[in-house]
Asks: 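Structure in structure tokens, see below.
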Amino acid sequence: MNRTLIRDALTNLRPPAEATVAGWVRTVRHSKGGFSFITLNDGSCLATLQVVADGKLPNYAEEIAHLTTGSSVVARGALVASQGKGQAVELQASEVRVLGRADADSYPIQPKHHTLEFLRTQAHLRPRTNTFGAVARVRNAVCAAIHEFFQRRGFLYIHTPIITASDCEGAGQLFRVTTLDVSAPPRGPDGAVDFAQDFFARSTYLTVSGQLEAETCACALGNVYTFGPTFRAENSNTPRHLAEFWMVEPEMAFCDLAGDADTAEAFLKHVFRAVLDRCAEDMKFFNDRIDNTVLDTLAHIADSEFQRVTYSEAVTLLEKAGRQWEFPMHWGRDLQTEHERFLTEETFRKPTIITDYPASIKPFYMRVNEPDAQGRRTVAAMDVLVPKIGEIIGGSQREERLDVLEARMAETHMKAEDYRWYADLRRYGTVPHAGFGLGLERCVQFVTGMANIRDVIPYPRTPRSAEY
RNA sequence: UCCCCGAUAGCUCAAUCGGUAGAGCGAGCGGCUGUUAACCGCUAGGUUCAAGGUUCGAGUCCUUGUCGGGGAGCCA
């Protein structure tokens with residue numbers, strides 16, 4: 001069908017102009033004076049187009065007069081200046097074709113306010129609402145900006161496996177992938193399930209991170225990034241966690257922690273600026289209806305330096321804050337949510353990059369720093385914290401020294417043979433390299449102000465929830 | 001997984017001390033109107049999440065479970 005997107009009809013066409021539009025009915029107002037106003041949305045933008053259907057249309061009495069919210073419609077006619085007050089232009093229809101009716105008694109999306117919780121139970125229809133349409137468009141703009149940032153800088157987009165045998169130590173619980181009959185799996189002599197008979201002749205899982213594989217590509221191709229789905233079987237029930245989410249993971253050869261942090265900051269600023277520039281209408285909606293701080297916050301961040309502090313400096317700040325912490329802070333403990341929020345929301349009031357965490361609380365692959373003046377051992381790790389969401393990016397410089405890496409693996413009782421391929425990168429032509437991971441949904445949450453991560457992905461997967 | 005809160009009409013909510021369930025929106029019908037989530041009138045619509053328990057009597061109190069929300073942990 002050769003149709004005009006409503007976005008283009010509203011912004012690019014200058015009346016009078018002929019146009020055919022197609023979409024779903026938001027509301028209908030009938031006039032016994034002999035015509036109807038059909039408010040049409042096609043998802044191309046937040047705004048709707050008012051279609052005026054004259055009573056002389058051949059299907060007026062039979063179809064148009066009984067049109068309901070949610071019905072799909074194709075309308076052809078002249079785009080003209082509107083006589084009414086709510087809109088600049090409208091479509092004076094010469095033809096209105098009803099493609100599919102929506103029974104008003106059972107259609108769940110009524111022309112009224114619905115709670116986000118209710119709409120979550122209608123995941124297949126909620127994209128037809130203003131909020132979820134806007135989320136979808138902003139999410140798309142974020143993804144486009146992500147690719148654009150890396151492509152402009154010469155990063156290669158690589159694809160790391162979804163099914164993996166490695167568990168990226170410490171990154172959480174795994175979903176097992178198997179074709180074995182779960183009601184009667186083959187068992188070995190010791191009674192344990194014999195995964196040697198499974199599809200891959202070994203235990204396999206859905207990936208929790210493409211980082212280790214991305215490192216192998218970076219250590220050949222220079223700068224690369226992955227952008228794909230990631231799975232965590234953690235029983236996390238919060239507005240910030242999903243069992244299936246999308247992660248962006250750049251990996252850069254010949255790069256240290258400072259370069260990693262520079263890239264992360266430039267990256268976030270690019271994404272925020274792109275959304276402000278390209279999704280003005282949707283962002284105004286979020287600012288008006290969801291969170292009246294998002295526009296100011298994004299504009300401020302896109303133009304200002306991120307705060308950078310070391311973990312040790314952060315601990316000192318927290319100790320001197322003169323606050324009663326639920327979890328008293330001292331060097332060596334991980335930062336709790338209350339500490340991260342204090343730093344990013346109260347102390348600095350902007351995105352904050354915390355670096356150089358104690359080695360004891362971070363995974364084996366992070367590069368070990370020289371001991372500090374007090375002889376404390378840290379690693380070249382960084383977390384980027386933003387107000388309200390908390391950690392939006394986690395990254396590090398990777399340990400490129402074989403002996404140090406092997407010692408760290410031994411410390412944490414890892415099986416060296418499982419990571420032989422990973423150690424090979426250090427065995428043959430090792431280079432300093434660094435990277436980070438961005439949770440796409442947390443980024444979309446931050447940009448839109450949506451409070452619950454389940455509302456920034458079309459079909460959220462969380463514990464006990466995969467209905468659609 | 002732990003701690004709090006909640007579940008009543010299609011949706012959003014109300015129901016006093018434990019006394020027999022009500023409104024708005026939506027829907028149907030009628031009226032009116034270049035209307036703007038229109039407006040006015042009428043009508044229909046309920047196993048009060050489930051299972052037990054206390055009581056003459058339970059939407060209301062108790063127990064358990066299910067689901068939802070917030071906080072925490074884990075993290076992105």
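Per chain, numbering begins at 1; letters A, B, ... match sequence-line order.
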Asks: Heavy atoms under 4.0 Å, any strand shown: does A/Asn235 hit a base, just sugar-phosphate, or nothing?
Replies: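 Here A/Asn235 touches the bases of the nucleic acid.
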Asks: List in chain and number order the residues that pass salt bridge (Lys or Arg N to Asp or Glu O under 4.0 Å) with A/Arg289, two or more places apart in sequence or in another chain; answer none if no residue qualifies.
Replies: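 Residues passing salt bridge (Lys or Arg N to Asp or Glu O under 4.0 Å) with A/Arg289: none at all.
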Asks: Of the residues in residues 84-101 of chain A, which ones touch RNA chain B at a heavy-atom distance under 4.0 Å?
Replies: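 Of all residues in residues 84-101 of chain A, the ones placing a heavy atom under 4.0 Å from RNA chain B are A/Gly84, A/Lys85, A/Gly86, A/Gln87, A/Glu90, A/Gln92.
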Asks: Name the nucleic acid region contacted by A/Glu326, choosing base, sugar-phosphate or nothing; use a 4.0 angstrom heavy-atom cut-off, strictly under.
Replies: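 Contact class for A/Glu326: none.
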Asks: Sticking with atom P, work out how far B/C62 lies from B/U16, rounded to a whole angstrom.
Replies: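 The answer is 15 Å between these two P atoms.
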Asks: Hey, which sits more toward the 5' end of RNA chain B by its nearest nucleotide, A/Ser465 or A/Asp383?
Replies: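 By nearest-heavy-atom nucleotide position, the 5'-most residue is A/Ser465.
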Asks: For A/Phe231 and B/C74, what is the distance between atoms CZ and C1' respectively, to the nearest whole Å?
Replies: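 Answer to the nearest Å: 19 Å.
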Asks: Between B/A50 and B/A14, how far apart are the two C1' atoms, rounded to whole Å?
Replies: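 One C1' to the other, the span is 24 Å.
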Asks: Please name the pair of heavy atoms, one in A/Ala22 and one in A/Asp42, separated by the smallest distance, quoted to 0.1 Å.
Replies: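 That would be O-CB, 3.1 Å.
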Asks: Taking A/Arg126 first and then A/Asp455, would you say they form a salt bridge - that is, a charged N and a carboxylate O separated by under 4.0 Å?
Replies: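 A salt bridge links A/Arg126 with A/Asp455.
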Asks: Does anything in residues 434-441 of chain A reach RNA chain B, meaning a heavy atom under 4.0 Å, and if so which residues?
Replies: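 Here the set is A/Gly437, A/Gly439.
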Asks: Say we look at B/G19 and B/G59: how far apart would their P atoms be, to the nearest angstrom?
Replies: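 10 Å, rounded to whole Å.
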Asks: Taking only the C1' atom of each, what is the distance from B/G34 to B/G24 in whole angstrom?
Replies: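 28 Å, rounded to whole Å.
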Asks: Between B/C11 and B/U33, how far apart are the two C1' atoms, rounded to whole Å?
Replies: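 It works out to 27 Å between them.
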Asks: Between A/Gln122 and A/Arg128, is there a side-chain donor-acceptor contact under 3.5 Å, judged purely by atom types and distance?
Replies: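 Their side chains do not contain a donor-acceptor pair, so the 3.5 Å distance test is not met.
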Asks: All N/O contacts under 3.5 Å from nucleotides 2-7 of chain B to the protein, with atom names and distances to one decimal?
Replies:
none

Asks: For residues A/Gln110 and A/Thr69, is any side-chain donor paired with an opposing acceptor at under 3.5 Å?
Replies: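 The criterion, which ignores hydrogens and geometry beyond distance, is not satisfied for A/Thr69 and A/Gln110.
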Asks: Tell me whether the side-chain N/O atoms of A/Arg120 come closer than 4.0 Å to OP1 or OP2 in B/G69.
Replies: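 Looking at the OP1 and OP2 atoms of B/G69, one of them is under 4.0 Å from a side-chain N or O of A/Arg120.
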Asks: Do you see a donor-acceptor pair shorter than 3.5 Å between the side chains of A/Thr39 and A/Gln50?
Replies: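 No donor-acceptor contact under 3.5 Å links the two side chains.
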Asks: If we take the P atom in both B/G26 and B/U63, what is their distance in whole Å?
Replies: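 Taking atom P in both B/G26 and B/U63, they lie 41 Å apart.
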Asks: Taking A/Glu281 first and then A/Lys284, would you say they form a salt bridge - that is, a charged N and a carboxylate O separated by under 4.0 Å?
Replies: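 Salt bridge absent between A/Glu281 and A/Lys284.
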Asks: Kindly say whether the aromatic ring centers of A/Phe348 and A/Phe306 come within a distance under 6.0 Å.
Replies: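 So the answer is no for these two rings.
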Asks: Taking the six-membered ring where the residue is Trp, are the ring centres of A/Tyr419 and A/Phe364 under 6.0 Å apart?
Replies: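 Under 6.0 Å, so yes.
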Asks: Residues two or more places apart in sequence or in another chain: which of them pass salt bridge (Lys or Arg N to Asp or Glu O under 4.0 Å) with A/Glu95?
Replies: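 If we apply the salt bridge (Lys or Arg N to Asp or Glu O under 4.0 Å) test to A/Glu95, skipping adjacent residues, the hits are A/Arg76, A/Arg97.
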Asks: Quantified in whole Å, what is the C1' atom distance between nucleotide B/C13 and nucleotide B/A7?
Replies: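 So the two C1' atoms sit 12 Å from each other.
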Asks: Send over the distance from A/His241 NE2 to B/G69 P, rounded to a whole Å.
Replies: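 My rounded result for the distance is 15 Å.
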Asks: Which part of the nucleic acid does A/Ile389 contact within heavy-atom distance under 4.0 Å: base, sugar-phosphate only, or nothing?
Replies: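 The residue A/Ile389 makes no contact with any strand.
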Asks: State whether the distance check finds a donor on one side and an acceptor on the other, under 3.5 Å, for side chain A/Ser236 versus base B/C74.
Replies: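 A donor-acceptor contact between them is present.
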Asks: Taking side chain to side chain donor-acceptor pair (under 3.5 Å) as the criterion, tell me which of A/Gln397, A/Glu215, A/Arg398 meets it with A/His433.
Replies: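 Of the listed options, the one satisfying the test is A/Glu215.
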Asks: In whole angstrom, what separates A/Glu391's CD from B/A72's P?
Replies: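 Spelled out: CD on A/Glu391 to P on B/A72 is 15 Å.
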Asks: Near RNA chain B, under 4.0 Å by heavy atom, which residues of residues 130-145 of chain A?
Replies: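 By residue number: none to list.
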Asks: What is the ring orientation for A/Phe35 with A/Phe37, classed by angle as parallel under 30°, tilted 30 to 60°, or perpendicular over 60°?
Replies: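 A/Phe35 and A/Phe37: perpendicular rings.
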Asks: Describe, in one word, how the ring planes of A/Tyr357 and A/Tyr311 are oriented to each other, choosing from parallel (under 30°), tilted (30 to 60°) and perpendicular (over 60°).
Replies: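 A/Tyr357 vs A/Tyr311 ring planes: tilted.
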Asks: Between the protein and nucleotides 11-15 of chain B, list every N/O to N/O distance that falls short of 3.5 Å.
Replies:
residue	atom	partner	partner atom	Å
B/C11	O2'	A/Lys112	NZ	3.2
B/C11	O2	A/Lys112	NZ	2.3
B/U12	OP1	A/Thr115	OG1	2.8

Asks: For the side chain of A/His339 and the backbone of A/Phe327, is there at least one donor-acceptor N/O pair under 3.5 Å apart?
Replies: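 At least one qualifying donor-acceptor pair exists.
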Asks: With sequence neighbours left out, what residues match A/Asn237 under side chain to side chain contact (heavy atoms under 4.5 Å, CB included)?
Replies: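 Partners of A/Asn237 under the side chain to side chain contact (heavy atoms under 4.5 Å, CB included) test: A/Asn235, A/Pro463, A/Arg464.
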Asks: Could you check which of B/G28, B/U35, B/U33 has an atom nearest any side-chain atom of A/Ser31?
Replies: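 Nearest to the side-chain atoms of A/Ser31, counting from C-beta on, is B/U33.
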Asks: Can you find a heavy atom in the side chain of A/Asn223 that is under 4.5 Å from one in the side chain of A/Glu251?
Replies: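 A/Asn223 does not reach A/Glu251 side chain to side chain.
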Asks: Hey, is A/Glu62 close enough to A/Arg101 for a salt bridge, meaning N to O under 4.0 Å?
Replies: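 Salt bridge: no.
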Asks: How is A/Ser82 classified with respect to the nucleic acid when contacts are heavy atoms under 4.0 Å: base, sugar-phosphate, or nothing?
Replies: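 Base: the residue A/Ser82, judged by heavy atoms under 4.0 Å, touches a nucleobase.
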Asks: 5'-most contact on RNA chain B: A/Thr238 or A/Phe245, nearest heavy atom basis?
Replies: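 Here A/Thr238 is the residue nearer the 5' end.
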Asks: My understanding is that only residues two or more places apart in sequence, or in another chain, count here; which of them pass salt bridge (Lys or Arg N to Asp or Glu O under 4.0 Å) with A/Arg333?
Replies: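 Counting only residues at least two positions away or on another chain, A/Arg333 forms no salt bridge (Lys or Arg N to Asp or Glu O under 4.0 Å).
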Asks: What I want to find out is whether A/Glu346 reaches A/Arg323 closely enough, with some N-O distance under 4.0 Å, to be called a salt bridge.
Replies: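 Salt bridge: yes.
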Asks: Is the shortest side-chain N to carboxylate O distance from A/Lys350 to A/Glu305 below 4.0 Å?
Replies: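 No salt bridge links A/Lys350 with A/Glu305.
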Asks: What pairs of nitrogen or oxygen atoms, one from the protein and one from nucleotides 64-66 of chain B, lie under 3.5 Å apart?
Replies:
none

Asks: Nearest to the side chain of A/Pro239 - B/U1, B/G71, B/G73?
Replies: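 Nearest nucleotide to the side chain: B/G71.
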Asks: With pairs defined as Watson-Crick or G-U wobble and both distances under 3.5 angstrom, please note down RNA chain B as a dot-bracket string, | for pairing with another strand.
Replies: (((((((..((((.....[..)))).(((((.......))))).....(((((..]....))))))))))))....
Asks: To the nearest Å, how far apart are A/Phe35 CZ and B/U36 P?
Replies: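 Taking atom P of B/U36 as the reference, CZ of A/Phe35 is at 12 Å.
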Asks: Parallel, tilted or perpendicular, judged at 30° and 60°: which one describes the rings of A/Trp325 and A/Phe342?
Replies: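 A/Trp325 vs A/Phe342 ring planes: perpendicular.
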Asks: Do the charged groups of A/Arg240 and A/Glu441 touch, with an N to O distance under 4.0 Å?
Replies: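 A/Glu441 and A/Arg240: not salt-bridged.
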Asks: State whether A/Thr337 places a side-chain N or O below 4.0 Å from either non-bridging phosphate oxygen (OP1 or OP2) of B/G73.
Replies: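 So the side chain of A/Thr337 is within the cut-off, an N or O lying under 4.0 Å from OP1 or OP2 of B/G73.
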Asks: Strictly below 4.0 Å, N to O, side chains only: are A/Arg308 and A/Glu265 in salt-bridge contact?
Replies: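 Salt bridge present between A/Arg308 and A/Glu265.
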Asks: For nucleotides 38-49 of chain B, give me every protein contact, N/O to N/O, under 3.5 Å, one pair per line with atom names.
Replies:
residue	atom	partner	partner atom	Å
B/A38	OP2	A/Arg29	NH1	3.2

Asks: Using atom C1' in both nucleotides, what's the gap between B/A58 and B/A15 to the nearest angstrom?
Replies: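 The same atom, C1', in both gives a distance of 14 Å.
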Asks: Are the ring centres of A/Tyr157 and A/Phe150 closer than 6.0 Å?
Replies: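 So the answer is no for these two rings.
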Asks: Does either side chain, that of A/Thr297 or that of A/Lys388, offer a donor lying less than 3.5 Å from an acceptor on the other one?
Replies: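 Distance-only check fails for A/Thr297 and A/Lys388.
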